[in-house]
Amino acid sequence: MNKNLPLSERERALKIIKILKSTYPRKNHVSGDPYKTLIRCIISQRNRDEVTDRVSEELFKRYPTIESIASASVEEMQNFLKSLKVGLWRSKGKWIVETSRIILKKYNGRVPDKFEELIKLPGIGRKCANIVLAYGFGIPAIPVDTHVYRISRRLGLAPWDASPEEVEERLKSLIPREEWIYVNHAMVDHGKSVCKPIKPRCWECPLRGLCPKIGVQDTSSQ
DNA sequence: CTCCCGATAT
DNA sequence: ATATCAGGAG
């Protein structure tokens, strides 16, 4: 399905991955706990990592098991999240409890390792489903979060008007399966430090020689 | 497309 | 004051 692409496109993608790897060396970490990965992913939506870390820790301290979360009422979970000052606490509280109940009852407490099943869970969309596959199970997947989305398009790896899903398919066609999980790691690291949404630090970017800077507004000064 | 939500970066 | 943050649902 992806054999008609010009070789140079894939070569460029490979070159990008190679440079990212030497800049942001990181082992593909598999959590070994898909359930915690999934809950963390719900909490992480539209949040900074520091918030996600803090809230996840408090959540699992108060509710150590899937059973304890599933048996909490939605309102109780919402109030708990609210007390921790997480944004979107109403949605997230509902999703965390309901998804946990479904996993417990329908899947006997085992998080499904199929995309089609994961995406049916409340609060689990494409990105979280792929996160669970990649980081919970170690199954090749490319979670397209805000960083992967932005950077892929700036690099011209996907059209500027592509949807997140289209970016995901495009990356999958360009990048060998063994590197899929790494893509998210690399672009998140790169996106937070250099290829930032506002005022990216293009002058110190290891990819500047390969980048058309699509959609980049301001590359000047600090 | 809008809403959900509070905190922080710019 | 506005944009953005490891998005997803209606």
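In the text below, chain A, chain B and the rest are named by the order of the sequence lines, each starting its count at 1. Because the structure is predicted, anything quoted here is derived from the model rather than measured.
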How many Å lie between CD1 on I39(A) and P on dG7(C), as a whole number?
16 Å
Return the value, rounded to whole Å, for the distance between atom OH of Y149(A) and atom C1' of dG8(C).
15 Å
In whole Å, what separates the P atom of dA9(B) from that of dA6(C)?
12 Å
Between P on dA9(C) and CG on L88(A), what's the gap in Å once rounded to a whole number?
13 Å
Between CG of D49(A) and P of dA9(B) the distance, given in whole Å, is 13 Å
With the criterion being N/O to N/O and under 3.5 Å, what pairs connect the protein with nucleotides 2-4 of chain C, and how long is each?
| from | atom 1 | to | atom 2 | distance (Å) |
| --- | --- | --- | --- | --- |
| dT4(C) | O2 | R48(A) | NH2 | 3.3 |

For the residue pair P112(A) and K120(A), establish whether any side-chain heavy-atom pair is separated by less than 4.5 Å.
no
Considering just the side-chain nitrogens and oxygens of K94(A), establish if one lies under 4.0 Å of OP1 or OP2 belonging to dG8(C).
no
Would you say the side chain of I96(A) lies within less than 4.5 Å of the side chain of I69(A), judging by non-hydrogen atoms?
yes
Would the H190(A) and Y24(A) ring centres measure less than 6.0 Å apart?
yes
Are R153(A) and Y149(A) in a cation-pi contact, defined as NZ or CZ under 6.0 Å from the six-membered ring centre and within 45° of the axis?
yes
Give C128(A) one of three labels, base, sugar-phosphate or nothing, depending on what nucleic acid heavy atoms sit under 4.0 Å from its own.
sugar-phosphate
I need the NZ-C1' distance between K82(A) and dC4(B), as an integer number of Å.
13 Å
Per side-chain contact (heavy atoms from CB on, under 4.5 Å), V216(A) is matched among P200(A), P197(A), C195(A) by P200(A)
To the nearest Å, how far apart are L118(A) CG and dG7(C) P?
18 Å
Under 4.0 Å, heavy atoms only, any strand: does K196(A) hit a base, just the sugar-phosphate, or nothing?
sugar-phosphate
Could you state the CD1-P distance from I131(A) to dG8(C), rounded to the nearest angstrom?
9 Å
dG6(B) C1' sits how many Å from I43(A) CD1, rounded?
15 Å
Identify which one of D33(A), D53(A), T52(A) satisfies the side chain to side chain donor-acceptor pair (under 3.5 Å) criterion when paired with R40(A).
D53(A)
Does the side chain to side chain donor-acceptor pair (under 3.5 Å) test come out yes or no for S100(A) and Y63(A), once each step is laid out?
CA-CA 12 Å; S100(A) 297; Y63(A) 303 94; over 6 Å; no
Name the residue closer to the 5' end of DNA chain C, choosing between S44(A) and I124(A) according to the nucleotide with the nearest heavy atom.
S44(A)
Select base, sugar-phosphate, or nothing to describe what G87(A) touches, counting heavy atoms under 4.0 Å on all strands.
base
Within the structure shown, what part of the strands sits under 4.0 Å from L84(A) by heavy-atom distance: base, sugar-phosphate, or nothing?
nothing
